[in-house]
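Convention: sequence-line order gives letters A, B, ...; per-chain numbering from 1.
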Amino acid sequence: MGRRKPMGGDPLSHLPHGPSFRFIDRILEYVPGERVVALKNVTFGEPYMPGHLPGSPSMPGAYLLEAMTQTAGILLSAGSPAYLARVRDVRAGRAVVPGDRLTIEANLLQGFGSLHRCEVKAMVDGNITCHAEIVLSAGSKQ
Amino acid sequence: MDPTKQKIRDILSVRLKLSTAVAKWGDDDPLFGPNGLGLDSIDALELVLGLQKEFGVTIEDQAMAVKVMASINTIAEFVHAHGKA
């Protein structure tokens with residue numbers, strides 16, 4: 001097991017995404033090649049909130065999955081693009097709503113060539129709101 | 001049929017959803033490549049995980065996978081040598 005340590009510099013620089021398509025705010029914990037914990041403070045100011053859904057705002061499940069995928073992507077080498085290759089065993093819990101402090105934990109289960117299999121959990125107040133196994137492909141689209 | 005080979009066929013049928021193709025596939029027929037079952041690298045990972053779960057064998061990298069997962073017979077030989085079949 002690697003040693004836990006805070007990530008230096010701008011942690012989000014590991015992501016190839018521009019600020020307008022980043023679904024995590026900061027990294028809380030980072031063990032290179034093993035584990036990463038990210039934070040997303042979900043607010044009503046998210047551009048999609050007014051439309052999803054009027055009168056009952058919540059984070060779309062697809063965006064939650066994107067946030068989980070971005071978190072897992074932090075585990076891959078900095079600067080190299082990673083592509084979503086497979087998502088399985090998705091289990092969703094309660095909706096993520098404005099005001100939630102969303103914590104996303106990704107653990108690398110296995111590397112196999114360019115493929116990286118991760119277990120990813122999204123939690124609010126310690127309760128799992130979504131769990132999935134995500135496979136990322138580093139450096140090439142499948 | 002060798003129960004190990006049947007379990008390998010079950011993995012291919014269920015985990016990789018290839019039941020129709022696998023039923024027609026010979027034990028020596030190639031699984032990958034232009035004359036194979038049309039499997040890609042994600043299928044290879046899925047097969048590795050299935051073999052690990054079913055037989056307790058570890059295939060560490062793609063170079064090893066190419067040799068071990070050439071056919072149902074080569075997988076069975078590997079499992080007989082290293083697994084708990």
Side-chain angles (χ1 to χ4, degrees), chain A residues 1-2 15-16 31-36 61-62 64-77 79-91 105-121 128 130-142, chain B residues 7-22 30-72 74-79 81-85:
Chain A
M1 296 291 286
L15 288 176
V31 183
E34 279 186 28
R35 164 186 161 86
V36 61
L64 177 56
L65 207 53
E66 174 65 22
M68 295 165 70
T69 302
Q70 290 185 7
T71 303
I74 298 279
L75 286 170
L76 277 61
S77 301
S80 64
Y83 298 94
L84 184 60
R86 175 170 287 189
V87 179
R88 60 180 299 170
D89 297 334
V90 179
R91 279 169 282 167
E105 176 184 327
N107 289 285
L108 183 65
L109 298 177
Q110 186 172 23
F112 185 73
S114 63
L115 299 177
H116 298 75
R117 189 169 69 99
C118 304
E119 179 190 42
V120 189
K121 291 183 286 189
I128 294 177
C130 190
H131 177 277
E133 182 183 303
I134 292 173
V135 177
L136 297 175
S137 174
S140 65
K141 293 180 180 177
Q142 289 295 308
Chain B
K7 286 179 183 175
I8 294 166
R9 287 179 176 276
D10 290 344
I11 293 169
L12 290 165
S13 297
V14 177
R15 286 189 77 114
L16 276 67
K17 301 179 175 63
L18 292 169
S19 55
T20 304
V22 168
L31 297 178
F32 292 86
N35 298 315
L37 283 170
L39 306 183
D40 60 18
S41 58
I42 300 172
D43 295 317
L45 174 60
E46 194 65 39
L47 185 51
V48 166
L49 296 174
L51 295 171
Q52 188 174 307
K53 184 176 180 183
E54 182 67 39
F55 302 114
V57 294
T58 301
I59 297 172
E60 293 174 355
D61 54 41
Q62 285 183 319
M64 186 179 182
V66 167
K67 293 179 183 174
V68 171
M69 304 197 302
S71 69
I72 291 171
T74 58
I75 296 173
E77 288 167 11
F78 180 76
V79 167
H82 303 282
K84 58 180 182 183

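The CG atom of A/Leu115 lies 11.0 Å from the CD atom of B/Glu46; values are rounded to the nearest 0.5 Å.
B/Asp61 meets the side-chain hydrogen bond (donor to acceptor under 3.5 Å, both in side chains) test with no other residue; sequence neighbours excluded.
No side-chain heavy atom of A/Arg117 sits under 4.5 Å from any side-chain heavy atom of B/Ile42.
Your options are B/Val48, B/Leu45, B/Ile59, and the one with the most heavy-atom pairs under 4.5 Å with chain A is B/Leu45.
Residue contact with chain A, scored on non-hydrogen atoms closer than 4.5 Å, involves the backbone and the side chain of B/Ala44 alike.
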